[in-house]
Every structure is written in structure tokens, then in C-alpha cells.
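Structure, as C-alpha cells:
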4 protein chains.
Amino acid sequence: MKHKKLSRREREKLRQRQEMLAAALELFSEKGYHNVSMHEIAEKAEFAVGTLYKFFRNKEDLYKSLIAEQADRFHEALTRAIEEADDEIEKLRNYVKAKREVFAANISVIRLYFAETGGASFSVKAGLDKEIRERYEQFLRTLASVFESGIKRKRFRKIAEPYQLAVALDSLCNAFLLLWLEAPDDRPFPEDPDVILNILFKGLVDT
Amino acid sequence: MKHKKLSRREREKLRQRQEMLAAALELFSEKGYHNVSMHEIAEKAEFAVGTLYKFFRNKEDLYKSLIAEQADRFHEALTRAIEEADDEIEKLRNYVKAKREVFAANISVIRLYFAETGGASFSVKAGLDKEIRERYEQFLRTLASVFESGIKRKRFRKIAEPYQLAVALDSLCNAFLLLWLEAPDDRPFPEDPDVILNILFKGLVDT
Amino acid sequence: MKHKKLSRREREKLRQRQEMLAAALELFSEKGYHNVSMHEIAEKAEFAVGTLYKFFRNKEDLYKSLIAEQADRFHEALTRAIEEADDEIEKLRNYVKAKREVFAANISVIRLYFAETGGASFSVKAGLDKEIRERYEQFLRTLASVFESGIKRKRFRKIAEPYQLAVALDSLCNAFLLLWLEAPDDRPFPEDPDVILNILFKGLVDT
Amino acid sequence: MKHKKLSRREREKLRQRQEMLAAALELFSEKGYHNVSMHEIAEKAEFAVGTLYKFFRNKEDLYKSLIAEQADRFHEALTRAIEEADDEIEKLRNYVKAKREVFAANISVIRLYFAETGGASFSVKAGLDKEIRERYEQFLRTLASVFESGIKRKRFRKIAEPYQLAVALDSLCNAFLLLWLEAPDDRPFPEDPDVILNILFKGLVDT
DNA sequence: GATGAATGAGTTTTCATTCAT
DNA sequence: GATGAATGAAAACTCATTCAT
């Protein structure tokens, strides 16, 4: 939050950087990291390759920056969604809704993001994603705190540790949303966020 | 199941193929498809590149064969685990146990497998994974049938469609197991499969 | 003929291109298309392979460009030779002289050119030479028109169709010149172009 | 002419050799020397590659043998055609007829042959064709002797040296026949061998 | 003697990166 | 400070040749 006083120079720089990242994003999510060349990105962004290298140390750095930026956007949106409600249940409902919207509006990035944070963490050079994973962890802890508070306030039964519940909800969302993204026609995504939440909320067996 | 009488020649062939796949697996899961060269694989497998190409039409074919073979192994093991029990709950418990074992014994493949079936479907040539996805779908339907039968027999409350429950359980397992695999020390994986199942079984809120 | 105002850049480009083609020509005519590698050409031309590919899409394109360029040069020179004289006989004499000069000054290209337009049309990818053949045809028609006009003006007896006479003269020239080029010491090429022309002009038998 | 007493063993060998050459011929003339692999030849000939190498030192040797064999066949046929007639003019007529037949029946080989003896002598390794060229020379001298005798016997006017006349006739035949072979529909080859001979026999200008 | 599996040098082509202008 | 021409390492893949069976 320190982007206060940027000289015209700096603002211009930032804008150029954004244009480069935008071009890269489009190409990467369309063709995958290894099938996109720096020249392609430069051309799409309407800069010279040399200029690209003024902004990013190398291709990997560009990719990393891109993913990090997007991840931040997503986590910010999701964190906001959680913070916007007071009630724990409403927070979770907001979160599922926000996640659905994020997925729908960013299908291609999401794929890229999953290639990175999902199992395919090796897809580019190993270790590339340390920073990303940390932010993801951080977000999971935010989500966990909702469960924690809910449990403390007796609104939730403690069927598992808060962090585990956060992992559970997040993975359920990802699974259902990816399912939907892959075949939006066959399995229309339920408008109702409760389809996902109910799996957590209601028990499969009587207790 | 027609691998009855293999000539010495054929057995030798098969062994070589396995060695090649093993070398490829190790390298792919360590560095990712695009960061491994055919020469590297050949060297690790202690064959000449030319020999590699006698067994696999090209790099993609080698990769596909590798993934398909492993995926089959996994799905077979999981299907067996489900079939071995009679009771629906026991079936699910068996499934979680088997999945934990499969993950633990095949960390590196699992990563590769996720790169394939997970979001990064574009990572190699699009469509490469059609077959794999179909087998996955098929397995999910098998898992769904357990929920269906459980619901019919009133052992489970119908908190969601059987297929959705299958997706849910599978994704919960994946999430928890990957979490564990990534940092086995910090978050030791619970011996008890019920940690995962409880999230499905017990409701978060009273109903 | 629009090569008027070439920027320094463009002139430089053209010079580089010529150097590449010159290196390629030397190697191709010495060892044949298939026995020359792009690396060899690049090295001889003192460029990096990558630079070669900036100028020519691929090896075939480089080869094609080379042949086309040379063929054009030759046909232009020969057409000019024909046009420079008024009298039909003088035109033919000029043509033979010009052809002798062209052959003498371009032995190596000539070999390459023959591999292309001669029988070995399959030597590179089939159809590669369509354009070249067409230009050759066109030139033959120009030569034929000399015979046609000569016959019309009763300077020549019509011992065959004009086009056939053109083919005949051309093949006689090629045969004699190649003979000479292959063993210039044994069979010194006659200074007098009439040695070839006489075979056409004079009859072997009285008529 | 020393193939008198061949043991069964030797005859068998010879037959195998012929089969290999036949397979190679078909492939070479269809696709060109460099686009045919030894495996392809072996497969077509229904032998193992190793066996191919028992008969020919290497690919080049196989090719050379093939061309030499075919060249011999052709030159023998043409020499026979010349010897069969008594009269010089009839000898030449016979020669043209025979050459036409040889071309028509062996289009593909002819192409291969021309790639070798024509300008493209470099097409395989340089110098490959020394032997072939000598046989060609020898044949030209045979043809020259016809002109020589014709001149001596006053049947022909001496419009050029006999050897030159041989070169001339041969090149005329080649040119017209190749023309025909390339587009047999457009330019049907004249049944009458005199179309070619007349160019030599009759003078273009009155003398 | 025949076989064909195994070899690995060699080929074309791409592309991340540098640096003179 | 931006440019994009030039670079050359590295990749996928082929195929002539050998040699153990």
C-alpha cells in the first residue's frame, strides 16, 4: 500500500510493466509457458525484446511476477469477500461466491495458477513458487480463522481443526469449480453456493 | 490379461521399456516435461537415444505412455480397495487408506499425474490427456456408486448427489495428501483415515 | 528495377544475404545439397546459424532462392545476348557466345543448376523447381522465336518446328560446354561458336 | 562374359544381389538417393539390413553398383542397336529408336542416371561416377565411329569431327526424350526417329 | 551365414539472451 | 533509454553401420 507518490516516470514504467504482463498472461494461458517465446510476448506487448529484459531478469522472472500478481489479485478478492460479512456462515458463503466469480472471470489464468500451485509445481524450475505458496498459506490461515471463530462462538461443531477445515473448503471449491470450467455445458455450476457448503455443513451420517 | 506366454525376447523388451519409463518418470517428476531432453532420459536409462525412439514414437508418446501406465495402476489399486469391503463406510475407509498408500509410495508420479489431470492440461499438447481423464471419470463413477448405494440403503443422508460426493471425497483426499506430501514433517499425515471422512460424515452445523 | 533508394540498413542486409548465398553456393556445388549442413553454410559465411534462419525460412528455401537467383541471372544474360543483334544468325551466334561465357564464369553454379533443371528434378523436394522450369520454358520460347522469324524471313529452312530447334540448339550448347568444362585441357573449347552452330546450319547429308 | 560356370551357391548369391538392387532401384528412382534408408531397401528386398551390408560395403557402394549396372544395360542395348545395321544411316536410326525405347521403359532409372552423369555428378560423393563416365565415353566413341565411317565412305559431309557429331546426336536425343518424358501428354514423342536425325542431317541454311 | 537390435554422431531448427547502435 | 540483429547452445529426431546371437 505504498504506491502513493509516484513520479510521472514511475507511473509510466508501471503502465508498461502491466502491458507486458497482460500480453504474457494472454499468451501463457493460451499456450503454456514453454510454448511461448519472449519475442512473441514482446510483439504482443508492442515493445522490443530488449525492453522486456529491462523489466524482467529473464523469462522465468517474468512468469513468476505474472503468477504472483494474479495470485495477489485473487487472494485479495477472496480476503475481501470474507471480511465483508460479519457472520461466519455468511463469510463462508461470500467466499464461495467470490471464488466462483474469480474462476469464471479468469479461467485461463486459473489454469496457469493451478499448474503452479497445484501438483505441477515442478512445471517451471523447481522452487519457483515458494513466494506464491506462502501467500496461499496465509490466505488459508485467514480462512481457518473464520472456522476457528465459528467454533469458539459455538456456531460450528469442531469436526476437525480449523486449518483442516480451511483446506477442505478450499479444495472442495477448486474441485467443483474446475469440474464446471472443464465442461460448463454438461455440469452447469450451481448458482447456489450452498451446494458446496452443505457438504461441509451437513453430516453424511447421523451423529 | 493376456500376458501369459511371453518369449524371452518379449520379456526382455518389456523390461527395457520399464527401465526407460522409470528413468523418464524420475526425470519428468523432478524437472517437468519440458525441462527434460530425450538424451537425458536415454542416458539415465543407459540406452542410446535411438533405442528410445524404437520404443516410443516421440517424446510426447513416451510421456503419454508413462502417465497412462501409472494412472491405470492407481485406479486399479483404488478400485480394488473399494471392492474389497462390503459395507459402504468400510469401502470409503479402504479407499482413503489405499489412496494414502498410493500417494506415499509414488510421490513423484503423483505430481506428474496432477500436472496432467489438474489444471495444467495445456502443459503438453492439448488433448493429450483425453484418455486419462476418461479413466478418471470412470473411477469417480465407481466411487459415486458407493455413495449411491449407501444413500439407497439409508446408511447415508443425501446431502448432495452421489457424483458430487465422489468429487468431494476425492478432492479432500488429494488436498490433504498433497499437503502432507509437501511438508511431511510439519503436518504429519494422520494415520486415521477418519480425519478426512469425518469432514464428510459429520456436519459442521447442527441439522 | 525498383532498387533505387535502399537505406544503409537495407543495403547491409542485401550484402549479408549475398554472402550467405555465396557460401551456400560454393558448398552446394562442391558437395551437393544433402551433404551440406546449415552449420557448415553458416560457418563459411561467417554468421551464426540463427542468422541464416533470419534470412531463409529453412534449408530448402535457401536452396531455392539460390537457384532462382542464378537462373534469373543466366536467362537475363542470354536474353540480352539475343536481343542485342538484329540478324537471326547473329542472334544465335551471340547466344552461343554468351552461353559459353556464362558457363565458363559459373561452372559450379551450372552444375547445381543442372541438378535442378536436368534429370535430377527429384533431388530435393519434388516440385521445388516449378518456377525455375517455367523460366527456362520461357527462355526457350524466346529462342524459338528467333528460329521462327528466321524461317518466316526465309533465312532458315524449316527442318523442324521452331521450338524443337530451340531445344536442339540449347541441348547442343549444354552438351558441348559441359564436355569442355569437365576436361578443359583435353578438349579445349573452340573459340569459334560456329562449331556448334554448324551442326545445326549445315546438313550432314545432301538434300 | 565370364559367367560360365557358377556354382549353385554363386547363382543364389547373384539372384539375391539382383533382388537387392531391384528394390533399391525402385526406391531411389522414386524418392532420390538421400531420401531412402538402408532399412527401407532391406525391407523392400525382404532381407535384413545386415545382409545388405554383406553384399555392399555401404550405401554409396550399393548406389554406385546400381547405377553402373543400369548404365551397362543401356549402353549394351544401344551398342547392339548400332551393330545390328550395316548402313550408317540405318545404324543411327536404330540408335535413336533404341534410345527411345530404353527411355520409355526406364523413365525412373533414367532420371537417376542423369542425376549421376548429368550436371549433378556431385549429387552423391564427388568422383563416384568415374567408372560410369568412362563407359559413357566408350559408348560415345562407338557412336563416333559410325560418323567416321560414314564420312570416310562419303555418305556424310564432314560438318564436324566424328566425336563432336556423336556428342551432338546423343545430346539431341536426351533433350528431346527428356522433354517428352516430362510431359508425355503435351508433347507426344514422335514415332519417327527422323525428327531428331533431320536436325543433324538437314542443314538449317543452304550451303 | 543371416539377422535386426542397438548405437550415437549428425541434422535441422528454435529461442533466450546480449549488446552495439 | 529503447531497440532488434545477431548469437549459439540445445532440442528432437534420423539413419548408416556394427556385432552378438
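In the text below, chain A, chain B and the rest are named by the order of the sequence lines, each starting its count at 1. Everything numeric here is computed off the predicted structure, so don't read it as measured data.
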Do the side-chain N or O atoms of D:K13 get closer than 4.0 angstrom to the phosphate oxygens (OP1, OP2) of E:dA2?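 Yes.
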Could you tell me how far apart [X] ([atom1]) and [N] ([atom2]) are, to the nearest whole angstrom?
X: C:N35; N: E:dG10; atom1: CG; atom2: P; result: 14 Å
X: D:N58; N: F:dT18; atom1: CG; atom2: P; result: 9 Å
X: A:E43; N: F:dT3; atom1: CD; atom2: P; result: 13 Å
X: B:F56; N: F:dT14; atom1: CZ; atom2: C1'; result: 18 Å
X: B:Y63; N: F:dA11; atom1: OH; atom2: C1'; result: 18 Å
X: B:E19; N: E:dA6; atom1: CD; atom2: P; result: 11 Å
X: D:M38; N: F:dT14; atom1: CE; atom2: P; result: 19 Å
X: D:K59; N: F:dC15; atom1: NZ; atom2: C1'; result: 8 Å

Using a 3.5 Å limit on both distances, find every run of at least three consecutive Watson-Crick or G-U pairs that involves DNA chain E. E:2-21 with F:2-21
Does the side chain of D:E30 reach to within under 4.5 Å of the side chain of D:N35, using non-hydrogen atoms? no
Distance check, rounded to the nearest 0.5 Å: C:Q70 atom CD versus C:L21 atom CG? 8.0 Å
How long is the straight-line distance from CD1 of A:I110 back to CD1 of A:I107, given to the nearest 0.5 Å? 9.0 Å
Ring-face cation contact, C:F56 with C:K64, 6.0 Å cut, 45° max: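 No.
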What class does the angle between the rings of B:F28 and B:Y63 fall in, given that below 30° is parallel, 30 to 60° is tilted and above 60° is perpendicular?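 Perpendicular.
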E:dT18, F:dA6, E:dA2: which one has an atom nearest the side-chain heavy atoms of C:F55? F:dA6
List in numerical order all residues of residues 44-52 of chain B for which some heavy atom is under 4.0 Å away from an atom belonging to DNA chain E. B:F47, B:A48, B:V49, B:G50, B:T51
Which of these, C:E10, C:E69, C:E12, sits in a salt bridge (charged side-chain N to carboxylate O under 4.0 Å, His left out) with C:R17? C:E69
Go nucleotide by nucleotide along DNA chain F from the 5' end; which of B:H39 and C:E12 gets its closest nucleotide reached first? C:E12
If you pin B:S37 and B:K54 to their nearest nucleotides in DNA chain F, which one's is more 5'?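 Residue closer to the 5' terminus by nearest nucleotide: B:S37.
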Yes or no on side-chain contact (heavy atoms from CB on, under 4.5 Å) for C:T51 and C:Q16, after CA distance, side-chain angles and deciding distance? CA-CA 10 Å; C:T51 312; C:Q16 290 183 321; 5.6 Å; no
Passes salt bridge (Lys or Arg N to Asp or Glu O under 4.0 Å), D:E19 versus D:R15? Steps please. CA-CA 6 Å; D:E19 265 166 38; D:R15 201 185 47 71; 2.5 Å; yes
CD/B:Q18: more than 12 non-hydrogen atoms of other groups inside 6.0 Å: yes
Using a heavy-atom cut-off of 4.0 Å across all strands, would you classify C:Q16 as base, sugar-phosphate, or nothing?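 Sugar-phosphate contact only - C:Q16 comes under 4.0 Å of backbone atoms but never of a base.
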